[in-house]
Amino acid sequence: MVRPQACLEGMNDEQRTAVETIDGPLLILAGAGSGKTRVLTRRVAYMLAKGVPAWQILAVTFTNKAAGEMRARVRELSGPDADRVLVSTFHSACVRFLRQDIESIGYKRNFTIYDSDDQSRLLKNLAKEANLDIKAYPISKLRSGIDQAKVRMQDAATFAASRQSSPGDPLPKIYRGYEEHLKVANAVDFNDLLNLTVKMLQEHPDIRERYQDRFRYVMVDEYQDTNRAQYLLVKLLAGEHRNLAVVGDDDQSIYAFRGADIRNILDFERDFPEVKTVRLERNYRSTQNILKAAHGVVSNNRGRMDKELWTDIGSGDQLQMIIAQDDMEEANRVLREIQKLRGEGRRCADFAIIYRTNAASRPFEQALVRARIPHVLVGARKFYERREIRDMLAYLKLVLNPTDNMAFLRVINVPARGLGAKAIRDIQDIANSEGIPYLAAAQRWGAGKGRGRKGAKEFCGLIDKAREQVLTLLPGELVGFVAEESGYAPRLRTEETPEAQGRLENIQELVRAVDEDAVSSEDLHPIDRLQAFIDRASLTGQDSDLPDDIVDEGQVTLLTAHLAKGLEYPVVFCVGMVEGGFPHHRSREREEDLEEERRLVYVAFTRAMERLYLTRSRRRLVFGRGFQPAEPSRFLDEIPDEVLGGDKAPERPAWARAFSNPPSSGFSTSQFSGSASRSPSRPTPAERPADLRTFAPEDPAEFQPGTRVMHPTFGLGAILKVDGINQNLKLQIRFDRHGTKSLYVRFAKLEVVLP
DNA sequence: GCATTCCAAGTTTTT
DNA sequence: CTTGGAATGC
């Protein structure tokens, strides 16, 4: 796009202002579907057209997906010129900066990135060393504890100080051990990428100025999701020239759990008083009914910027409620809708199924597989998380960074080289007492005599050889070299199982990916080229899993609400709308968590362009306890009645659900008008006041003496006495009509009556 | 030391 | 239902 004016075509006034304002701080409050991406890409094109050199522009996003999409769209607008714009995620931008200048803060440039898997393995070792009770301190807890500390930018010492009130807590010590290990291994974790970049820029004015000078124009997408380090980073980069444009929507802040601080957007105007604020409230994506529903939910949140999207698209269809007996039927009903709409000319690519947790995808995927409908599960089992891929990457990491101890541990005995737990402990002991990396310790240990020495020598020899080859082989060839020489691939070949075959293919796929990647970075030194590839593999879940093109009909997309942010689909099924599912059961206690769940619902709803289905089932599987009656999500009540159609909420009492027919092969009546399928309730039902509100407790602690409860046959009563624990909880209940009875919670379908 | 087999436990969201 | 770890047999 050559002329600046062309970049403004077809934009509304606010969008135009956002595009044209390239100097000084700019806050774009962009509601869902308000053309935000379009504004951002046009803005870049506009700057280029105005003569801003591409390399002076930095655009930061959160996900690789968003970065990729933006890069592509800028390129469409501005041609190859655009390739010099740095469009990147926070994390990969930081890797870039750190690979350049990390020596200033005492690391070596070939540092390794530990991902969450490496973290876990490391923590497991540390926990074992410290004789931690794994039951009381599961690895996941340790990891999230450390992550939380890092997100708050507390180092081990600060953290320990802040925790002095709780002596006996092993976390500070583990954190210290963790940090020591990282430092020795010349490794950094995800949070370090951000924190260390901030540290580097803070402590070294010369470096800071260099970056400020280089990136004269900075843009940040999804600003509402920035955490403290990201906020500081942005300020450090833009602090001098102040050409900083941030785009965000407080209603779409869904990453508080990993440290996103919504205040960053709320306070932007204070940080940059001369800011120009643009509000994009016109929605180009969804029908009015969809917007009303989304707004109905999110407007229950306190502390949000008051705004409401509008559209002139028209009301469109009502939202369609689907109520099924269980998750299988729920999936089948969704499937039938998809089939029906396909019959009306929709393509598979028009549909998205959005759920709260990955685990919830299963029945839907199964249904699609059975019906042979092409579909893609976004972000499920990731390529780079497959064992063989991680193994190969560990080899490569070790080649580039011989001090990467986690990589060493991962592959020292893969494939088996006769080095068991004992040998590894010996090697670790040497490393610890000598203060050398594990790989060097293995070399020393292997020079001695005894069991396993040969294996250690082989391993060290392999790594050495591979290191020599880095310069002569192409990256893809190097992967092949390692796969063969390590015996990894040969061993898989001897297995002759389909699984091994699959792994071999995955390694082939890795070779291919490396080669493809190498093409795009031909101007780099081979080592940097390999390093760049590994960085990308460490920071990216999956490549190009985006559900676009290729298949003519496209594919149905299945994804979590988190992953759906920024995407749009003509038809969306928001599934699993039950208490404990959406909102997630871990987020039902605290008001802040609940607000985040509400924003998540808002994100999910606003993905829909034309039709939005909300589905739920009456029963759901609760881990230990089999099927439990599932209450409808409270968020459904927050949707205005007039926009909601389809299955009606059950008029019949909640307790009758437990006796409903199992999902029959023949489905109930028509999908939309049909009342909920009726079930003959066998036991004589107790009378139930129409306005009675109850819930089926998952937690037995809900049953306390004095609590009012509802029983299917005995009706209302009050608990007199509670005996037993957990599975064998036994209640004495005085029923209003049937006298006092003793019941096991396990068998009685009891519900707690809300006041 | 290694492989197989069985048993148990654990299920949020992502870079 | 899946995965990870422990126990057992070679």
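Proteins come first, then strands; the chains are lettered A, B, ... in the order of their sequence lines, and each starts at number 1. None of these values were measured; they are calculated from a predicted model.
- One can place CG of A:Asp327 at 19 Å from P of B:dT11, the figure rounded to the nearest angstrom.
- Both stacking criteria are satisfied for A:Phe257 over the base of B:dT13: a centre-to-centre distance under 5.5 angstrom and an angle between ring planes under 30 degrees.
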Table of protein N/O atoms under 3.5 Å from nucleotides 5-7 of chain B N/O atoms:
none

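- In this structure, A:Gln230 places its CD atom 16 Å from P of B:dT14, rounding to the nearest Å.
- When the side-chain nitrogen and oxygen atoms of A:Thr357 are compared with OP1 and OP2 of B:dT11, none of them lie within a distance under 4.0 Å.
- A donor-acceptor pair shorter than 3.5 Å cannot be found between the side chains of A:Asp189 and A:Gln119.
- The NE2-P distance, from A:His562 to B:dT13, rounds to 9 Å in whole Å.
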What are the atom names and distances for every N/O pair under 3.5 Å that joins the protein to nucleotides 3-10 of chain C?
residue	atom	partner	partner atom	Å
C:dG5	OP1	A:Lys124	NZ	2.5

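- Distance from the side chain of A:Thr89 is smallest to B:dT15 among B:dC2, B:dT15, B:dT14.
- Candidate nucleotides B:dT13, B:dG1, B:dC2 were compared by shortest atom distance to the side chain of A:Lys422, and B:dG1 ranks first.
- Put simply, the side chain of A:Thr226 gets close to the backbone of A:Tyr223: a donor and an acceptor are under 3.5 Å apart.
- OP1 or OP2 of B:dG1 has not a single side-chain nitrogen or oxygen of A:Asn413 nearer than 4.0 Å.
- When each of A:Gly420 and A:Leu600 is assigned the nucleotide of DNA chain B bearing its nearest heavy atom, the one mapping closer to the 5' terminus is A:Gly420.
- Between the P atom of B:dC2 and the CD1 atom of A:Ile412 lies a distance of 11 Å, rounded to the nearest Å.
- Within the structure, every side-chain polar atom (N or O) of A:Asn358 is placed at least 4.0 Å from both OP1 and OP2 of B:dT12.
- No side-chain donor-acceptor contact under 3.5 Å links A:Tyr175 to the backbone of A:Ala149.
- Side-chain atoms of A:Arg258 and base atoms of B:dT15 include no donor and acceptor less than 3.5 Å apart.
- Taking atom P in both C:dG4 and B:dT13, the straight-line distance is 15 Å, to the nearest Å.
- Nearest to the side-chain atoms of A:Ser587 among the listed nucleotides B:dT15, B:dT12, B:dT14 stands B:dT12.
- As rounded to whole Å, 12 Å separates atom P of B:dT14 from atom CZ of A:Arg143.
- A:Lys565 has its NZ atom 16 Å from the P atom of B:dT13, to the nearest Å.
- With A:Asn301 contributing its side chain and A:Glu595 its backbone, the two residues share a donor-acceptor pair below 3.5 Å.
- When each of A:Asn195, A:Asn227, A:Leu194 is paired with A:Met153, the side chain to side chain contact (heavy atoms under 4.5 Å, CB included) condition holds for A:Asn195 and for no other.
- Results of the side-chain hydrogen bond (donor to acceptor under 3.5 Å, both in side chains) test with A:Asp251 over A:Arg598, A:Arg304, A:Arg599 single out A:Arg304 as the only residue that passes.
- Comparing C:dG5 with B:dT12, their C1' atoms sit 24 Å apart, to the nearest whole Å.
- No donor-acceptor pair closer than 3.5 Å links the side chain of A:Arg356 to the backbone N or O of A:Phe582.
- Contact annotation: A:Arg536 does not reach the phosphate of B:dT15 (side-chain N/O to OP1 or OP2, under 4.0 Å).
- Among residues two or more places apart in sequence or in another chain, the salt bridge (charged side-chain N to carboxylate O under 4.0 Å, His left out) test is passed with A:Arg121 by A:Asp117.
- Residues A:Arg588 and A:Asp593 are not paired through a salt bridge, judged by the lack of any N-O separation under 4.0 Å between the basic side chain and the carboxylate.
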- [ ] Using the side-chain contact (heavy atoms from CB on, under 4.5 Å) rule, take A:Asp101 and A:Tyr211 through it: C-alpha gap first, then chi angles, then the decisive distance, then the call.
- [x] CA-CA 11 Å; A:Asp101 295 302; A:Tyr211 284 106; 2.7 Å; yes
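- Applying the 5.5 angstrom centroid cut-off and the 30 degree plane-angle cut-off, the aromatic ring of A:His584 is stacked upon the base of B:dT12.
- Ring centers of A:His562 and A:Phe257: under 6.0 Å apart, within the cut-off.
- Nearest nucleotide to the A:His91 side chain, out of B:dC2, B:dT15, B:dT14: B:dT15.
- Distance A:Asp147 CG to B:dT15 P: 14 Å, rounded to the nearest Å.
- Across all strands, A:Thr63 comes closer than 4.0 Å only to sugar-phosphate atoms, never to a base (heavy-atom distances).
- Of the two residues near DNA chain B, A:Leu419 and A:Glu596, the one whose nearest nucleotide lies more 5' is A:Leu419.
- Remark: P of B:dT15 and CZ of A:Phe90 are 14 Å apart, rounded to the nearest angstrom.
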